[in-house]
Protein chains: 2
Amino acid sequence: MQDFALFWRNRLLMLKKERQTYILHQVNLHNKVLCTDLSQHMKVSDDTIRRDLNELAQEGRLIKVHGGALSSSFHSTPSDLEEIYSYDKKKIIAQKALRLIKNGMFVITSGGTTILELARSLPPDLQATFVSCSIPAVLEYANHPQCDVIMIGDKVSKNSKFTAGSEAITKIREIKADLCILGINALDIHHGISDNDWDVVQVKKAMTGAAQKLVCLTISEKINTQQPIQVCEACDIDILITELPPESDLLLPYKEAGIQVL
Amino acid sequence: MQDFALFWRNRLLMLKKERQTYILHQVNLHNKVLCTDLSQHMKVSDDTIRRDLNELAQEGRLIKVHGGALSSSFHSTPSDLEEIYSYDKKKIIAQKALRLIKNGMFVITSGGTTILELARSLPPDLQATFVSCSIPAVLEYANHPQCDVIMIGDKVSKNSKFTAGSEAITKIREIKADLCILGINALDIHHGISDNDWDVVQVKKAMTGAAQKLVCLTISEKINTQQPIQVCEACDIDILITELPPESDLLLPYKEAGIQVL
DNA sequence: CAAAATCCTGCATAAAACCGCAAAAAACAT
DNA sequence: ATGTTTTTTGCGGTTTTATGCAGGATTTTG
């Protein structure tokens, strides 16, 4: 009977972190959560949930509103200023990445603002084929006069406007591109590339295996940071591009790990 | 199953901020919104909507006027009267088509401005799944708070921003949806539905076979016109929707051919 | 100018957020 | 182990927020 008690204790009491992970999952899935739903669902008081939401909101992982919370990616909000701030950096990154793309190449890319900047910067006389799951990226590529564009289809993940699912991954696995260019959200020498969205990670994982060379684009702020879910090891990266000069100290460990830094 | 309760409560209750985001979205799309429309759509009182509009107006996100609100982005006078006129027709068509879409349905649609208008008019509490090859349409569906969206992937046809090819057609053939809703460019009692783009026709052909019911949307100007390539026969259509009242003379032949006219 | 629609203002109410506080649990140190 | 500190959680009471409703004022419309 002690086992029984233990069972229920394990069943009913969710650790704080467990709860918060679950909350984030729900928020990213449904774009919104209600305090009352969550408290009923995991059998804790409203206050506890509210405290969780406030903490998560303070970390910027969601947006707290009266009655619940909304996904932060859902609503274009204060982070826009920061986006504008790093716009210049992304432009530099895009320029560096451009040098890798040659005529006739087959390139598979992720989404994200850095990739969008790359797509906008493509020289008009380039003739290449781009593959992506990201709807905004595909639209941007489609504006190019010469390049071919292939959209990977599947269920659309609404907050981030990209397709994800087993169909998408199967399709990506059928591809062997010349380059895979990923915009990444966290890179650490030990934890490799990581991200906080399950679907994004699955797709990126598939993409890393779908090309001869793996190129990663990121602003330097994201270097030496981690996110919950791993995409791949750092040593899987072939080329790393940031806005910093290649000889910067921050990048030294990655060079030593055999990554080409631009 | 516990998720089920959460599921429904999420759909019944709309957070204030959620509402306001939705309102802004509508305003930016249509350049105007009516208080009464909004309150009916989201099933809250006029007062609540008015308060929302006032708050948003105070933040400068829109311009409050008697009876509703206008987009603040370009309050330049609606220059193109014809544009507005055909917009009204399409809005009528969209409203009629809405009545066919029930909760839980699986709907496959084409692209085009009429379909876009339909996507924008979906009631916020609808829960359905939409499949499409059209990138603008998918983006529009993805803005809906509840509906699932599936993008069919393939090579992107740049001028019209939709995917087409054998992969897409194979994928469409795997689907059996409740409804297929096509925005069409030409309809004639003898030549059926026709279009002028080879890829569009191939995709539409596949779509007509991928659903139990075929619904066609078109403004009356396109009735009794022809285009070079045929999609299907007129008698394959189950339901025809135009901006005209169903008893209009123009539509008589189609009724006689066994098509339900709305 | 009159009727209809829309708005504002205050008020009532229910839900949600906040504030301490105390108990329980977990982590830590001895 | 055992006692101490820290963290986490739930509870009661209070304050704030969100929303609908009723009326009278105001605007639009024909």
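This structure is a prediction, so every number in the text was calculated from the model and none was measured.
Judged by distance alone, the side chain of A/Thr21 and the main-chain N or O of A/Lys17 form a donor-acceptor pair under 3.5 Å. Side chain of A/Ser110 to main chain of A/Gly183: a donor-acceptor pair is present (N/O by atom type, distance under 3.5 Å, no hydrogens or angles). Side chain of B/Ser121 to backbone of B/Glu117: a donor-acceptor contact under 3.5 angstrom is found.
In this structure, NZ of A/Lys64 is placed 13 Å from C1' of D/dA18, rounded to the nearest angstrom. At whole-Å resolution of the value, CE in A/Met42 and P in D/dT9 are 11 Å apart. The distance from atom CG of B/Asp37 to atom C1' of C/dT6 is 14 Å, rounded to the nearest whole Å. Between A/Leu38 atom CG and D/dG10 atom P the separation is 13 Å, expressed in whole Å. Protein atom CD of B/Glu55 is 13 Å distant from nucleotide atom P of C/dC8, rounded to whole Å. Between the P atom of D/dG20 and the CE atom of B/Met14 lies a distance of 13 Å, rounded to the nearest Å. Atom-to-atom, NZ of A/Lys16 to C1' of C/dA27 comes out at 14 Å; the value is rounded to the nearest Å. Between A/Gln40 atom CD and D/dG10 atom P the separation is 14 Å, expressed in whole Å.
A salt bridge links B/Asp125 with B/Lys43: at least one charged nitrogen is closer than 4.0 Å to a carboxylate oxygen. Ion pairing between A/Lys155 and B/Asp148 holds under the 4.0 Å rule for side-chain N and carboxylate O. Between A/Asp195 and A/Lys204 there is a salt bridge, since a side-chain N of the basic residue sits under 4.0 Å from a carboxylate O of the acidic one. We find that A/Glu243 and A/Lys90 are not joined by a salt bridge, their nearest charged nitrogen and carboxylate oxygen being 4.0 Å or further apart. Between A/Lys89 and A/Glu221, at least one side-chain N (NZ, or NE/NH1/NH2) sits under 4.0 Å from a carboxylate O, which counts as a salt bridge.
Residue B/Arg19 places none of its side-chain N or O atoms closer than 4.0 Å to OP1 or OP2 of D/dA18.
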Please list, for nucleotides 27-30 of chain D, all pairs of protein and nucleotide N/O atoms separated by less than 3.5 Å.
none

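Residues A/His41 and A/Tyr22 bring their aromatic ring centres within 6.0 Å.
More than 12 non-hydrogen atoms from other residues, nucleotides or ligands lie less than 6.0 angstrom from NZ of A/Lys64.
End-to-end axis angle of the helix from C/dC1-D/dG30 to C/dT30-D/dA1, from C1' rotation axes over five pairs per end: 50° (rounded to 10 degrees).
Listed by residue number, B/Val44, B/Ser45, B/Asp47, B/Thr48, B/Arg51 are the residues of residues 43-54 of chain B with a heavy-atom contact under 4.0 Å to DNA chain D.
Side-chain contact check for B/Leu187 versus B/Thr225: every heavy-atom pair is 4.5 Å or farther apart.
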